[in-house]
Amino acid sequence: MPELPEVETVRAGLEQALRGARIRCVEMHRTSLRFPLPEDFAAYLEGERLNAFRRRGKYLLIELENKGLLLAHLGMSGRFTVLPPELPPEQGGWSRTRHDHIIFHMQGGTRLVYTDPRRFGLMDLIRDGNWREHRLLASMGIEPLGNAMNGAFLARAAQNRRMPLKSFLLDQRIIAGLGNIYVCEALYRARLSPRRMAHTLGQGARPGLRAERLARAITQVLREAIAAGGSSLRDYAQSNGELGYFQHAFTVYGREGEPCRTKGCKARIAKITQSGRSSFFCPHCQR
DNA sequence: AGCTCGACCTGCACGC
DNA sequence: TGCGTGCAGGTCGAGC
């Protein structure tokens with residue numbers, strides 16, 4: 001269920017559990033996720049050390065010692081689980097079920113399991129380590145928690161876009177990492193309607209004001225979600241099969257018909273469909 | 001060039 | 001209980 005904060009939580013958890021670990025072998029139960037895996041995927045990785053765990057948007061980049069990078073995206077339903085060295089199932093050990101597609105066996109017996117019921121996730125090898133030119137990464141937009149993120153950037157990026165703000169913010173070529181939930185939450189905080197046309201962001205009596213509000217809202221929402229996700233890292237590291245995903249107390253997402261939480265507002269949260277996805281917002285507070 | 005929409009998958013909650 | 005329907009946190013790429 002990963003948007004940027006969840007992927008960042010996974011990244012930090014993997015780093016804590018597996019940095020420096022060496023792959024002994026890779027057990028494949030699928031040759032294809034969203035895309036076919038490289039034919040030599042398992043063989044290529046065997047013997048490699050995992051040097052570092054990075055993130056770009058919603059992608060995980062796992063740095064190998066000598067052979068470039070392992071790229072992974074969790075899609076809608078992907079997750080990684082770290083398991084301690086094997087115990088027999090009758091002693092509480094783990095046993096594979098049908099959506100556990102890839103098992104990385106580390107030296108020392110720790111295992112990393114990739115599970116993904118819907119198989120919208122992907123993995124690939126970036127053999128030369130030059131991830132910026134990878135076809136899936138080359139046209140990605142800015143990191144929303146990076147230095148480039150501010151009102152001026154948003155206003156400039158939006159100025160010729162004749163599309164709703166919702167679609168604008170979901171476009172990974174502009175900002176990399178936002179998904180349906182955090183876009184809804186950020187727009188609520190910025191008091192901007194998901195239906196507002198993107199190019200109007202910089203209009204009004206004080207140009208830049210709306211864009212500034214939106215930039216701040218995005219940054220805040222993501223930071224808070226990561227901070228809260230971080231607190232579940234212990235569960236993650238215990239690897240009890242639960243990722244300990246951040247269960248955010250969402251302010252608008254999934255709250256159709258419930259009261260708006262803005263003080264003094266009597267309106268109820270509305271749900272509309274925009275480019276095939278649900279948007280939740282307060283029709284009174286968000287303009 | 002920019003935008004919308006279908007397609008890719010499985011599981012689950014719901015109504016009949 | 002069983003079945004059909006719609007929906008789900010993503011995104012690529014065809015087609016307008």
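The chains referred to below are lettered A, B, ... by the order of the sequence lines, with proteins before strands, and numbering in each begins at 1.
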Engineer: Would you call the rings of A:Tyr253 and A:Phe280 parallel, tilted or perpendicular if under 30° counts as parallel and over 60° as perpendicular?
Structural biologist: perpendicular

Engineer: Please work out if A:Tyr59 contacts a base, only the sugar-phosphate, or nothing of the nucleic acid, heavy-atom cut-off 4.0 Å.
Structural biologist: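 Sugar-phosphate: the residue A:Tyr59, judged by heavy atoms under 4.0 Å, touches backbone atoms but no base.
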
Engineer: Rounded to whole Å, please give me the gap between CZ in A:Arg173 and C1' in B:dC3.
Structural biologist: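 Spelled out: CZ on A:Arg173 to C1' on B:dC3 is 9 Å.
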
Engineer: Take the protein atom CZ of A:Arg119 and the nucleotide atom P of C:dG9, then report the distance between them rounded to whole Å.
Structural biologist: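 The answer, rounded to whole Å, is 20 Å.
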
Engineer: Would you call the rings of A:Tyr182 and A:Phe250 parallel, tilted or perpendicular, taking 30° and 60° as the class edges?
Structural biologist: perpendicular

Engineer: If I take atom CG in residue A:Leu74 and atom C1' in nucleotide C:dG9, what distance separates them, rounded to the nearest angstrom?
Structural biologist: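 Atom CG in A:Leu74 sits about 11 Å away from atom C1' in C:dG9.
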
Engineer: On the 0 to 90° scale, with breaks at 30° and 60°, tag the A:Phe104-A:Phe80 ring pair as parallel, tilted or perpendicular.
Structural biologist: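 Tilted.
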
Engineer: Answer yes or no: is there a side-chain heavy-atom contact under 4.5 Å between A:Arg22 and A:Glu65?
Structural biologist: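 Touching, per the 4.5 Å side-chain cut-off.
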
Engineer: Looking for any heavy atom pair under 4.0 Å, which part of the strands does A:Arg135 touch: base, sugar-phosphate only, or nothing?
Structural biologist: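 Sugar-phosphate contact only.
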
Engineer: In whole Å, what is the span from the CE atom of A:Met163 to the P atom of B:dC3?
Structural biologist: 4 Å

Engineer: Going by ring centres under 5.5 Å and near-parallel planes (under 30°), is A:Phe120 stacked on B:dC8?
Structural biologist: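 Per 5.5 Å and 30° rule: yes, stacked.
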
Engineer: With rounding to whole Å, what would you report as the distance between B:dA1 and C:dT11 at their P atoms?
Structural biologist: 24 Å

Engineer: Starting from P on B:dG11, measure out to CG on A:Asp100 and report it in whole angstrom.
Structural biologist: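 The distance from CG of A:Asp100 to P of B:dG11 comes to 12 Å, rounded to the nearest Å.
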
Engineer: For atom P, what is the distance between B:dC5 and C:dC7, given to the nearest Å?
Structural biologist: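 That atom pair is separated by 15 Å.
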
Engineer: Identify the nucleotide, in any strand shown, that forms a Watson-Crick or G-U wobble pair with B:dC9, with both distances under 3.5 Å; if there is none, say none.
Structural biologist: none

Engineer: So if I take every side-chain heavy atom of A:Lys271 and compare against C:dC12, C:dG10, C:dA8, which nucleotide ends up nearest?
Structural biologist: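 Nearest to the side-chain atoms of A:Lys271, counting from C-beta on, is C:dA8.
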
Engineer: What is the distance, rounded to the nearest whole Å, between atom CG of A:Leu170 and atom P of C:dG10?
Structural biologist: 7 Å

Engineer: Is the Lys NZ or Arg CZ of A:Arg127 less than 6.0 Å from the centre of A:Phe41's six-membered ring, within 45° of the axis?
Structural biologist: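 Judged by the rule, A:Arg127 and A:Phe41 form no cation-pi pair.
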
Engineer: Would you mind reading off the distance between A:Tyr182 atom OH and C:dA8 atom P, rounded to a whole angstrom?
Structural biologist: 17 Å

Engineer: On a whole-Å scale, what distance lies between the C1' atoms belonging to C:dG9 and B:dC3?
Structural biologist: 23 Å

Engineer: Report yes or no: is there a donor-acceptor pair, N or O only, under 3.5 Å between the side chain of A:Arg277 and the base of C:dA8?
Structural biologist: no

Engineer: Atom CD1 of A:Ile174 to atom C1' of B:dG2: distance rounded to whole Å?
Structural biologist: 11 Å

Engineer: Students often get this wrong, so: under 4.0 angstrom with heavy atoms, is A:Gly179 touching a base, only sugar-phosphate, or nothing?
Structural biologist: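 Sugar-phosphate contact only - A:Gly179 comes under 4.0 Å of backbone atoms but never of a base.
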
Engineer: When you match A:Arg98 and A:Arg34 each to their closest nucleotide on DNA chain B, which lands nearer the 5' end?
Structural biologist: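 Closer to the 5' end of DNA chain B: A:Arg34.
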
Engineer: Taking only N and O in the side chain of A:Ser278, is any of them less than 4.0 Å away from OP1 or OP2 of C:dA8?
Structural biologist: yes

Engineer: Can you see if the side chain of A:Lys58 gets near the phosphate of C:dT11 - specifically, an N or O under 4.0 Å from OP1 or OP2?
Structural biologist: yes

Engineer: Looking at B:dC9, I'd like to know if its phosphate oxygens (OP1 or OP2) sit under 4.0 Å from a side-chain N or O belonging to A:His99.
Structural biologist: no

Engineer: When you compare the side chains of A:His101 and A:Asp116, does any donor N or O come within less than 3.5 Å of an acceptor on the partner?
Structural biologist: no

Engineer: Look at the side-chain N and O atoms of A:His73 and state whether any lies under 4.0 Å from the OP1 or OP2 oxygen of C:dT11.
Structural biologist: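 It does, given that an N or O in the side chain of A:His73 lies less than 4.0 Å from OP1 or OP2 of C:dT11.
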
Engineer: Could you check which nucleotide pairs with C:dG9 in any of the strands shown, counting Watson-Crick or G-U wobble with both distances under 3.5 Å?
Structural biologist: none

Engineer: Closer than 4.0 Å, any side-chain N/O of A:Arg161 to the OP1 or OP2 of B:dC3?
Structural biologist: yes

